[in-house]
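Quick note on labels: first sequence line is chain A, next is B, and so on, each numbered from 1.
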Amino acid sequence: MDRQLIKHVFGRTDFGSAVTVAGWVRTRRDSKGGFSFIDLNDGSSFSSIQVIAPGELANYQSDVLRLTIGSSIAVTGELVESPGEGQAVEIRAAEITVYGFADPETYPLQKKRTSLERLREIAHLRPRTNTIGAVARVRNALAFATHRFYQERDFLYLHTPMITTSDAEGSGEMFQVTTLDPASPPRDLDGNVDYTQDFFGRQAFLTVSGQLEAEAYALALDRVYTFGPTFRAENSNTRRHLAEFWMIEPEAAFFDLDDNARLAEDYLKYMVRYLLETCEEDIAFFDKWIDDSVLATLTAVVDRPFERITYGEAIDILGKADAGFEFPTTWGSDLQSEHEVYLAEQAFDRPVIVTDYPSDIKAFYMRRNDDGTVAAMDVLVPRVGELIGGSQREERLDVLAASIDRHGLDADLYWWYLDLRRFGTAPHSGFGLGFARMVAFATGMQNVRDVVPFPRTPRNAEF
RNA sequence: UCCGGGGUAGCUCAAUUGGCAGAGCAGCGGGCUGUUAACCCGUGUGUCGUGGGUUCGAGUCCCACCCCCGGAGCCA
């Protein structure tokens, strides 16, 4: 079939020429003049194209008048300038082929607005809605911009493993990976499960981060980034958490914290700029129907420099704020959600990079500063809170070993990680960006469950 | 996991002190119209989340559980 995507038809002005499109019916409106209007969408653009189905079509009575929302058809006809308002072009059909009807009695989507909660229950059909379709296009644009950004800066795309045998990669519960029979696993003499008989000869899990492996490659290939799934078995029931989510983790040799922060800012600006250039119609939709501050927020990301403060300065600001915080804002306590939101929305109203946290509240691998803080950085954005977490890594063998010890971790498990400092160590930095949170930030969608095609959360893995 | 709010027609919701379970939308039938989430008339729809209990009588009151949503924590 010599078919065109609908988004390409919109750009045509060669009225009178032949055109073929295919997609799913959004609405059908019948005219007493003996013809019908069909709004057809194939997901290639936010807008549907209007098809005029003349009553003279051979299957007008038998097929066209039975078309309802969700039906799939192909249309061949003539491109015409639309005499009606609301669209510049339309298609006067000469032939309409029906691939599948969608029984309106049972098809869950109707012309009326459906709640996002309801759409989660029909995740296989929700990409046919305006909102979720737009989310999918934005998500795609952000993913593409991510690769383009890092490739342009000579970062090498690295595939880190999804299965790990380290049960101490970071905080958080991990999903176990096993081929043992859960009903009757082999036991050792003490009665414990004998994982030496498991597939990997030891206990294995789904990864919570590709960072440690990325560091190994950064200390050989200079600049790398990962872009893949990670898993957390936490029983988190919030609009910001998923059990399975994609993360982008750049890692760069000879980058200090300042280089790292600059990379993060450049990356976010690059993504947003690309989005505004390529998804104008989708963003306009989000701004109108989902969150009327989205466009202004995104524009500000591109136009204004990010605020950069230290943890100590953040504590000062929060301490002076008259915001009735529930949690204390004393030095040494971690920033709570309410604090992050205050900083990004009230205090600065733009992305804020907070650096140099107390070592006690941060991960073992972060580089220790002389004053007892670590070279960590979090990027906080309005509405979403923490979007990026990163640090300069501890490259000094003795300091790292001491940190592992102080965090109560088993140094033997990190033998290869320590090797990276034992042989040709170098300063390096990196960060992780939660992709779902980025999509939520970019669209104004409140819940990450609505920006991931088939979200996995506690008790939910239907599709 | 903790706190709070919910679960009633396909969808979104209502139902007074416990007293015949309703409306809008969608669907279907008809009318009207180069229409734009079209409009007008007519029309059907129930495991009231599940299981117990109180009562002459429970959507409504009590107990337990399940699920969903929001907030918190954990974090990206």
Side-chain angles (χ1 to χ4, degrees), chain A residues 26-39 47-54 66 68-70 80-87 90 92 102-122 129-130 169-174 208-211 226 229-249 264 289 325-327 334-341 361-363 378-381 384-390 431-441 446-450 452 457-460 462:
Chain A
R26 283 294 177 80
T27 66
R28 190 196 85 225
R29 299 178 294 276
D30 300 326
S31 167
K32 186 58 177 178
F35 61 98
S36 298
F37 300 96
I38 299 168
D39 286 341
S47 295
S48 302
I49 195 159
Q50 177 159 287
V51 174
I52 309 302
R66 288 174 55 212
T68 52
I69 182 170
V80 296
E81 197 165 7
S82 180
E85 291 180 15
Q87 62 281 320
E90 60 188 30
R92 185 168 300 277
D103 181 2
E105 292 277 2
T106 52
Y107 187 60
L109 294 172
Q110 292 304 332
K111 256 187 291 187
K112 200 177 174 180
R113 186 176 191 146
T114 305
S115 70
L116 292 168
E117 292 82 4
R118 167 68 182 147
L119 289 179
R120 285 174 211 152
E121 298 170 8
I122 49 171
T129 64
N130 283 335
E169 269 185 9
S171 53
E173 293 295 309
M174 301 171 85
V208 297
S209 166
Q211 179 200 316
T226 73
T230 52
F231 309 87
R232 303 282 165 87
E234 291 288 344
N235 189 14
S236 296
N237 295 287
T238 81
R239 60 185 180 83
R240 300 184 308 280
H241 292 86
L242 296 165
E244 174 185 306
F245 62 97
W246 284 52
M247 201 156 54
I248 291 115
E249 296 178 296
W289 295 102
F325 293 130
E326 185 185 344
F327 291 91
D334 205 356
L335 300 183
Q336 305 294 318
S337 288
E338 58 181 355
H339 305 145
E340 295 176 348
V341 167
I361 57 174
K362 287 293 180 183
D378 284 352
V379 180
L380 314 177
V381 299
V384 170
E386 185 179 342
L387 179 63
I388 285 176
F431 61 81
L433 173 138
F435 194 56
R437 287 187 183 176
M438 181 61 207
V439 180
F441 175 65
Q446 292 290 309
N447 197 314
V448 291
R449 295 164 192 151
D450 299 320
V452 170
T457 54
R459 297 174 301 280
N460 189 346
E462 175 73 16

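A distance of about 9 Å separates the P atoms of B:C41 and B:C25, rounded to the whole Å. Atom name C1', nucleotides B:U17 and B:C74: the rounded distance is 47 Å, in whole Å. Nucleotides B:G49 and B:A21 have their P atoms positioned 15 Å apart, rounded to a whole Å. The gap from the P atom of B:A26 to that of B:U36 amounts to 14 Å, rounded to the nearest Å. For the P atom pair drawn from B:U47 and B:G22, the interatomic distance equals 15 Å after rounding to whole Å. Taking the P atoms as reference points, B:A14 lies 7 Å from B:G7, given to the whole Å. Taking the P atoms as reference points, B:A64 lies 14 Å from B:C2, given to the whole Å. A gap of 39 Å separates the C1' atoms of B:G73 and B:A15, to the nearest Å.
Taking 3.5 Å as the limit, the base of B:U35 and the side chain of A:Gln87 contain a donor-acceptor pair of atoms between them. Side chain A:Glu338 to base B:G71: no donor-acceptor pair is found below 3.5 Å. The base of B:U1 has none of its N or O atoms less than 3.5 Å from a complementary donor or acceptor on the side chain of A:Glu234. A donor N or O paired with an acceptor N or O is found under 3.5 Å between the base of B:G34 and the side-chain atoms of A:Arg92. Side-chain N/O atoms of A:Asn237 and base N/O atoms of B:U1 include a donor-acceptor pair closer than 3.5 Å.
The structure places CG of A:Asp39 at 10.5 Å from CD of A:Glu90, a figure rounded to the nearest 0.5 Å. Here A:Glu326 contributes atom CD and A:Glu338 contributes atom CD; the two are 6.0 Å apart, rounded to the nearest 0.5 Å. Atom CD1 of A:Ile38 sits about 9.0 Å away from atom OG1 of A:Thr27, to the nearest 0.5 Å.
When the nucleotides B:G73, B:C74, B:C68 are ranked by their closest atom to the side chain of A:Arg459, B:C68 comes out on top. Side chain of A:Arg118, nearest nucleotide from B:U35, B:U12, B:C28: B:U12. Among B:G34, B:G70, B:A72, the nucleotide with an atom closest to any side-chain atom of A:Gln336 is B:A72. Taking the side chain of A:Glu386 as heavy atoms from C-beta on, and the options B:U35, B:U33, B:A76, the nearest nucleotide is B:A76. Set against B:G34, B:U1, B:G71, the side chain of A:Arg239 has B:G71 as its closest nucleotide. Residue A:Phe327 has its side chain nearest to B:G73 when only B:G70, B:G73, B:A76 are considered.
Rounded to an integer number of Å, the gap from A:Arg28 CZ to B:A26 P is 14 Å. Whole-Å rounding puts the A:Ile69 CD1 to B:A38 P distance at 10 Å. At whole-Å resolution of the value, CD in A:Gln211 and P in B:A76 are 9 Å apart. Whole-Å rounding puts the A:Glu117 CD to B:G5 P distance at 18 Å. Computed from coordinates, the A:Arg120 CZ to B:C68 C1' distance equals 9 Å when rounded to whole Å. Whole-Å rounding puts the A:Glu326 CD to B:G4 C1' distance at 13 Å. One atom, CD of A:Gln446, and another, P of B:G70, lie 9 Å apart when rounded to the nearest Å. The distance from atom NE2 of A:His241 to atom P of B:G70 is 13 Å, rounded to the nearest whole Å.
Looking at heavy atoms from C-beta onward, A:Thr129 lies in side-chain contact with A:Leu119 at the 4.5 angstrom threshold. Put simply, the side chain of A:Val208 does not reach to within 4.5 Å of the side chain of A:Glu234, judged on heavy atoms. Contact of the A:Ile122 side chain with the A:Leu109 side chain is registered, since non-hydrogen atoms from C-beta on lie closer than 4.5 Å.
Of the side-chain N and O atoms in A:Arg29, none sit less than 4.0 angstrom from OP1 or OP2 of B:U36. Contact between the side-chain N/O atoms of A:Arg449 and the OP1/OP2 oxygens of B:C69 is found at a separation under 4.0 Å. Contact between the side-chain N/O atoms of A:Asn447 and the OP1/OP2 oxygens of B:G70 is found at a separation under 4.0 Å. For A:Arg240, a side-chain nitrogen or oxygen approaches OP1 or OP2 of B:A72 to under 4.0 Å. OP1 or OP2 of B:C11 has not a single side-chain nitrogen or oxygen of A:Thr114 nearer than 4.0 Å. Put simply, A:Thr238 has no side-chain N or O that comes within less than 4.0 Å of OP1 or OP2 on B:G73.
No contact: A:Leu109 has no heavy atom under 4.0 Å from any strand. A:Phe35 comes within contact range of at least one nucleobase, with a heavy-atom separation under 4.0 Å. In this structure, A:Glu244 reaches neither bases nor backbone, as no heavy-atom distance under 4.0 Å exists between it and the strands shown.
Positionally, the nearest nucleotide of RNA chain B for A:Ser82 lies more toward the 5' end than for the other of A:Ser82 and A:Phe435. Comparing A:Pro108 and A:Asn235 by the nucleotide of RNA chain B whose heavy atom lies nearest to each, the residue mapping closer to the 5' end is A:Asn235.
Base pairing of B:G73: no nucleotide in any strand meets the Watson-Crick or G-U wobble criterion (both distances under 3.5 Å). With both pairing distances under 3.5 Å, B:A64 is matched to B:U50 as a Watson-Crick or G-U wobble pair. Nucleotide B:U55 forms no Watson-Crick or G-U wobble pair with any nucleotide shown, as no partner meets the under 3.5 Å limit on both distances. Using N1 to N3 plus N6-O4 or O6-N4 for Watson-Crick, or N1-O2 and O6-N3 for G-U wobble, each under 3.5 Å, B:U16 pairs with nothing.
Between A:Asp450 and A:Arg239 there is no salt bridge, since no side-chain N of the basic residue sits under 4.0 Å from a carboxylate O of the acidic one.
Taking the centre of each ring, A:Phe325 and A:His339 come in below the 6.0 Å mark.
Summarising the geometry of A:Glu386 relative to A:Leu380, their closest heavy-atom pair is CA-CD2, 3.9 Å, with the distance given to 0.1 Å.
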